[in-house]
Asker: 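So that we are looking at the same thing, I have put the structure below in structure tokens.
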Number of protein chains: 2
Amino acid sequence: MIPTDLIKGSLKTIVLKLLKEEGPMHGYAITRKVEELTEGKIKLTYGALYPILHKLEKDGSLVTASENFNNRIRIYYALTPKGHTVVADKIKELNEFIESLQRIVDTKPRLSHA
Amino acid sequence: MIPTDLIKGSLKTIVLKLLKEEGPMHGYAITRKVEELTEGKIKLTYGALYPILHKLEKDGSLVTASENFNNRIRIYYALTPKGHTVVADKIKELNEFIESLQRIVDTKPRLSHA
DNA sequence: GTTTAATATATAAGCTATTTATATATTGTA
DNA sequence: TACAATATATAAATAGCTTATATATTAAAC
């Protein structure tokens, strides 16, 4: 599993991206999907997830719709038009970040030091 | 510039990786190199850098050697054998992280939702 | 001649996103 | 009948960072 320090900071982007590609999801399903996509390497804790969702709802990026499924409440989160704009920006940032990290990781030692 | 939230957590790995590839460096040079490698997209502040270096020195991953250059003190940081082990682990983690992020970012919408 | 930018290291206070712990409740499985 | 899985939620604590501040020299600009 990837240490949380590293993942810290990209969780919001990950959540938004999932909602964009999968459509409306409820919290529990989001944690499942992240684990599935990353083969268990990234685990979204509920203590991190729900504050993120609530915050995004508050700022108008997400809207909710409650559903009763087997006597369990499911709260579906869906992107608003504003949310779609936010995701686009966040994805762009994340791509730049990935690119920068790769440039650093791919750096090979110089011959002068070999 | 990439928001600091995203970079937070990978700074230590970046510093260690640079010291591995470039050989001993002093703090100021490290900040310069990171900016250069990432085309200004990642900026290492001194408030972040020096505590990282001091911590790595304390735990035995780095050793220091002072040099006087133009009446300016330069403190060179170099990896110890332990440091080399730590870098290897950190790089491995970072690669897994990058891979996981890419898997999430590259996810395309399903036809069933199209 | 004097101000400004660049070089060089350092620390303390404050912020904020996260982890950890805790709470609650139902359904399916062993 | 107990345990695992499903489902949401919050509060306290942590930790890594940013921001601000301090100090000192050299080179360039004006």
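Each chain gets a letter, A, B and so on, in the order the sequences are listed, and its residues count up from 1. No hydrogens, no waters, no symmetry mates; every other heavy atom, side chains included, goes into these values.
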Asker: Roughly, in whole Å, what's the span from OH in Y50(A) to P in dA7(D)?
Answerer: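 Interatomic distance, OH of Y50(A) to P of dA7(D): 9 Å.
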
Asker: Identify which nucleotide among dT8(D), dC17(D), dA10(C) has an atom closest to any side-chain atom of I75(B), counting heavy atoms from C-beta outward.
Answerer: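 Closest of the options to the side chain of I75(B): dA10(C).
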
Asker: Test side-chain contact (heavy atoms from CB on, under 4.5 Å) on L37(A) and I42(A) and set out the steps.
Answerer: CA-CA 9 Å; L37(A) 277 176; I42(A) 294 180; over 6 Å; no

Asker: Expressed as a whole number of angstroms, how long is the span from K12(A):NZ to dT18(C):P?
Answerer: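 Going from NZ in K12(A) over to P in dT18(C) covers 8 Å.
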
Asker: Rounded to whole Å, how long is the line connecting atom NE2 of H26(B) with atom P of dA10(C)?
Answerer: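 Going from NE2 in H26(B) over to P in dA10(C) covers 12 Å.
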
Asker: Assuming nearest nucleotide by heavy-atom distance, tell me which of A48(A) and A29(B) is located more 5' along DNA chain C.
Answerer: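 Of the two residues, A29(B) wins.
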
Asker: Can you check whether T13(A)'s main-chain N or O pairs, donor with acceptor, with K90(A)'s side chain at less than 3.5 Å?
Answerer: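 Answer holds: no.
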
Asker: Which of these nucleotides, dT18(D), dA8(C), dT19(C), is closest to any side-chain atom of T4(B)?
Answerer: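 So the nucleotide nearest the side chain must be dT18(D).
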
Asker: Provide, to the nearest angstrom, the distance between the CG atom belonging to N70(B) and the P atom belonging to dA8(C).
Answerer: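 Interatomic distance, CG of N70(B) to P of dA8(C): 8 Å.
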
Asker: Can you find a side chain N or O atom of N71(B) that sits less than 4.0 Å from OP1 or OP2 on dA24(D)?
Answerer: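 Indeed not, no polar side-chain atom of N71(B) lies that close.
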
Asker: Any side-chain N or O of T45(B) under 4.0 Å from OP1/OP2 of dT18(D)?
Answerer: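 Answer is yes, contact under 4.0 Å.
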
Asker: Indicate whether the side chain of T64(B) and that of E57(B) have a donor and an acceptor atom separated by less than 3.5 Å.
Answerer: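 Yes, side-chain donor-acceptor contact under 3.5 Å.
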
Asker: Using a heavy-atom distance cut-off of less than 4.0 Å, which residues of residues 90-99 of chain B contact DNA chain C?
Answerer: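 Output list: empty, so none.
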
Asker: L53(A) has an atom CG; how far is it from atom P of dT10(D), in whole Å?
Answerer: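 So the two atoms are 11 Å apart, to the nearest Å.
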
Asker: What is the nucleic acid contact for K55(B), judged by heavy atoms within less than 4.0 Å: base, sugar-phosphate only, or nothing?
Answerer: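 Here K55(B) touches the backbone only, sparing every base.
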
Asker: Output the single nucleotide from dT26(D), dT7(C), dA8(C) whose closest atom is nearest the side chain of R74(B).
Answerer: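 Per side-chain heavy atoms of R74(B), the pick is dA8(C).
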
Asker: Can you check whether G60(A)'s main-chain N or O pairs, donor with acceptor, with K82(A)'s side chain at less than 3.5 Å?
Answerer: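 No; zero donor-acceptor contacts below 3.5 Å.
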
Asker: Assess whether side-chain contact (heavy atoms from CB on, under 4.5 Å) is satisfied between L62(A) and T80(A), documenting all intermediate values.
Answerer: CA-CA 5 Å; L62(A) 300 178; T80(A) 60; 5.6 Å; no

Asker: Taking CZ from F69(B) and P from dA8(C), how many angstroms apart are they, rounded to a whole number?
Answerer: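 Atom-to-atom, F69(B) to dA8(C), this comes out as 7 Å.
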
Asker: Would you say Y76(B) ends up clustered with L79(B) if hydrophobic residues are merged whenever their side chains have heavy atoms under 4.5 Å apart, either directly or through other cluster members?
Answerer: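 As far as the 4.5 Å side-chain criterion goes, Y76(B) and L79(B) are not connected within one cluster.
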
Asker: Contact class for I52(A) (heavy atom, under 4.0 Å): base, sugar-phosphate, or nothing?
Answerer: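 If one applies the 4.0 Å heavy-atom cut-off, I52(A) turns out to touch the sugar-phosphate alone, with no base involved.
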
Asker: Just to be sure I understand the rule, does G47(B) reach a base, reach only the sugar-phosphate, or reach nothing, if contact means heavy atoms closer than 4.0 Å?
Answerer: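 Base, at least one base atom sits under 4.0 Å.
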
Asker: Can you tell which of dT19(D), dT9(C), dT6(D) lies closest to the side chain of R72(A)?
Answerer: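 Among the listed nucleotides, the one closest to the side chain of R72(A) is dT6(D).
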
Asker: In whole angstrom, give the distance that lies between atom CG of L44(A) and atom P of dT18(C).
Answerer: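 Rounded to whole Å, this separation is 9 Å.
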
Asker: Starting at atom CG of L6(B), determine the distance to atom C1' of dC17(D), rounded to an integer number of angstrom.
Answerer: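 L6(B) atom CG is separated from dC17(D) atom C1' by 14 Å.
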
Asker: Once you apply a heavy-atom cut-off of 4.0 Å, does L11(B) come out as touching a base, just sugar-phosphate, or nothing?
Answerer: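 Since only primed, P, OP1 and OP2 atoms lie under 4.0 Å of L11(B), the category is sugar-phosphate.
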
Asker: Do the non-hydrogen side-chain atoms of L11(B) and I7(B) ever get within less than 4.5 Å of each other?
Answerer: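 Yes, close enough: below the 4.5 Å cut-off.
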
Asker: Looking at dA8(C), dT19(C), dA10(C), which one has an atom nearest to any side-chain atom of H54(B)?
Answerer: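 Of the options given, the side chain of H54(B) lies nearest dA10(C).
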
Asker: Mapping S10(B) and P51(A) to their closest nucleotides on DNA chain D, which lands nearer the 5' end?
Answerer: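 Closer to the 5' end of DNA chain D: P51(A).
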
Asker: Would a single hydrophobic cluster contain both I52(B) and Y46(B), if residues Ile, Leu, Val, Met, Phe, Trp and Tyr are joined by side-chain heavy-atom contacts under 4.5 Å?
Answerer: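 Looking at the clustering, I52(B) is in the same group as Y46(B).
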
Asker: So Y46(B), base contact, sugar-phosphate only, or nothing? Heavy-atom distance under 4.0 Å.
Answerer: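 Y46(B): base contact, heavy atoms under 4.0 Å.
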
Asker: From the set dA7(D), dG28(C), dA5(D), return the single nucleotide nearest to any side-chain atom of R32(A).
Answerer: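 In terms of side-chain proximity for R32(A), the closest of dA7(D), dG28(C), dA5(D) is dA5(D).
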
